[in-house]
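Read the structure below first, then the notes.
Protein chains get the first letters and strands the later ones, always in sequence-line order, with residue 1 at the start of each.
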Amino acid sequence: MDNATEPGKDQKIWQVVLAIPPGKVAGYGQVAEMAGLGRQARYIGRALGKLPQGHAIPWYRVIRSNGQIAFPQGSERYREQVSLLEAEGVEVVNGRVAMSRFQWR
DNA sequence: ATCTTGACTCAAT
DNA sequence: CATTGAGCCAAGA
């Protein structure tokens, strides 16, 4: 068997992210653990950043573990994420999401 | 192979 | 609540 990096890691992440229901959000570290990556929370962001166009991955449902957006407030990415979140019924205040919305189970 | 950087997290101050 | 330092791991130069 190949011991090289498994060519399904990104896919696993996408699956986990896709498993997040609308109106809820999850943290990077959380997604990492659910995907079986352990502490590779940073890998999640990297994988999402590598996503090609036309993807169906709700990357905007993934935020920091403290409920804050991973982008600096006022940035284009930030506003895009907030717009998408609010479109799903998630309340974003001062770059933060209520802990009630955090995690879905 | 080494150094730097990053859509991270946590604890201490 | 802001800052700092350390831990963490993988990709790019």
Side-chain angles (χ1 to χ4, degrees):
Chain A
M1 305 296 248
D2 58 287
N3 49 359
T5 317
E6 290 175 37
K9 205 146 48 169
D10 287 9
Q11 203 172 9
K12 194 81 171 281
I13 295 171
W14 304 336
Q15 212 168 3
V16 174
V17 175
L18 282 164
I20 305 173
K24 297 278 184 173
V25 295
Y28 289 97
Q30 221 184 336
V31 173
E33 282 203 56
M34 281 192 288
L37 296 174
R39 315 170 172 128
Q40 298 186 264
R42 296 174 125 147
Y43 195 92
I44 309 300
R46 196 173 303 127
L48 295 178
K50 286 162 77 170
L51 283 173
Q53 290 190 327
H55 60 58
I57 314 299
W59 59 270
Y60 52 85
R61 288 191 194 140
V62 185
I63 58 179
R64 288 192 181 173
S65 74
N66 69 336
Q68 194 161 34
I69 303 292
F71 296 110
Q73 195 171 17
S75 215
E76 285 294 323
R77 287 263 198 187
Y78 165 86
R79 288 196 282 184
E80 186 181 355
Q81 183 163 17
V82 173
S83 286
L84 289 160
L85 286 173
E86 294 197 321
E88 305 226 321
V90 179
E91 202 171 354
V92 182
V93 179
N94 196 12
R96 265 198 240 183
V97 178
M99 296 306 278
S100 336
R101 298 288 193 184
F102 206 77
Q103 214 172 206
W104 64 95
R105 65 131 271 101

Seminar exercise, completed: Only one of A/Leu84, A/Val17, A/Ile44 passes side chain to side chain contact (heavy atoms under 4.5 Å, CB included) with A/Trp59, and that residue is A/Leu84
Problem set entry | Atom-pair distance (CG on A/Leu48; C1' on C/dA10), nearest Å | 15 Å
For this session: Working to the nearest 0.5 Å, report the span between CZ of A/Arg46 and CD of A/Gln40.
Result: 8.5 Å
For this session: Measure from the side-chain heavy atoms of A/Arg46 and tell me the nearest of B/dT9, B/dA7, B/dG6.
Result: B/dG6
Seminar exercise, completed: From CD1 of A/Ile13 across to P of B/dA7 the rounded distance in Å is 14 Å
For this session: Rounded to the nearest angstrom, tell me the gap between atom CD in A/Gln73 and atom C1' in B/dA7.
Result: 16 Å
Seminar exercise, completed: Whole-Å distance, A/Asn66 CG to B/dA11 C1', equals 14 Å
Problem set entry | From A/Arg77, A/Glu76, A/Arg64, residue fulfilling side chain to side chain contact (heavy atoms under 4.5 Å, CB included) relative to A/Phe71 | A/Arg77
Exercise. When the distance from CD of A/Gln30 to P of B/dC8 is rounded to whole Å, what number comes out?
Worked result: 16 Å
Problem set entry | Pair of N/O donor and acceptor under 3.5 Å linking C/dA10 base with A/Tyr43 side chain | no
Exercise. So what does A/Arg39 hit on the nucleic acid, given a heavy-atom distance under 4.0 Å: a base, only sugar-phosphate, or nothing?
Worked result: sugar-phosphate
For this session: Quickly work out the A/Ile69 CD1 to B/dT9 P distance and round it to whole Å.
Result: 12 Å
Exercise. Using a cut-off of 4.0 Å on non-hydrogen atoms, how would the nucleic acid contact of A/Gly49 be classed: base, sugar-phosphate, or nothing?
Worked result: base
For this session: Examine B/dC8: is either OP1 or OP2 under 4.0 Å from a nitrogen or oxygen in the side chain of A/Arg64? Give yes or no.
Result: yes
Problem set entry | Separation of atom CD1 in A/Ile44 from atom P in C/dA11, rounded to whole Å | 12 Å
Exercise. Considering the options A/Arg101, A/Lys24, A/Glu88, which one meets the side chain to side chain contact (heavy atoms under 4.5 Å, CB included) requirement together with A/Arg61?
Worked result: A/Glu88
Problem set entry | A/Trp14 vs A/Leu51 side-chain heavy atoms within contact, under 4.5 Å | yes
Exercise. Distance check: side-chain N/O of A/Gln40 vs OP1/OP2 of C/dA10, anything under 4.0 Å?
Worked result: yes
Problem set entry | N/O (side chain, A/Ser65) to phosphate O (OP1/OP2, B/dC8) under 4.0 Å | no
Problem set entry | N/O donor-acceptor pair, side chain A/Arg42 with base C/dA10, under 3.5 angstrom | no
Exercise. Tell me: CG of A/Leu37 to C1' of B/dA7, nearest whole Å?
Worked result: 15 Å
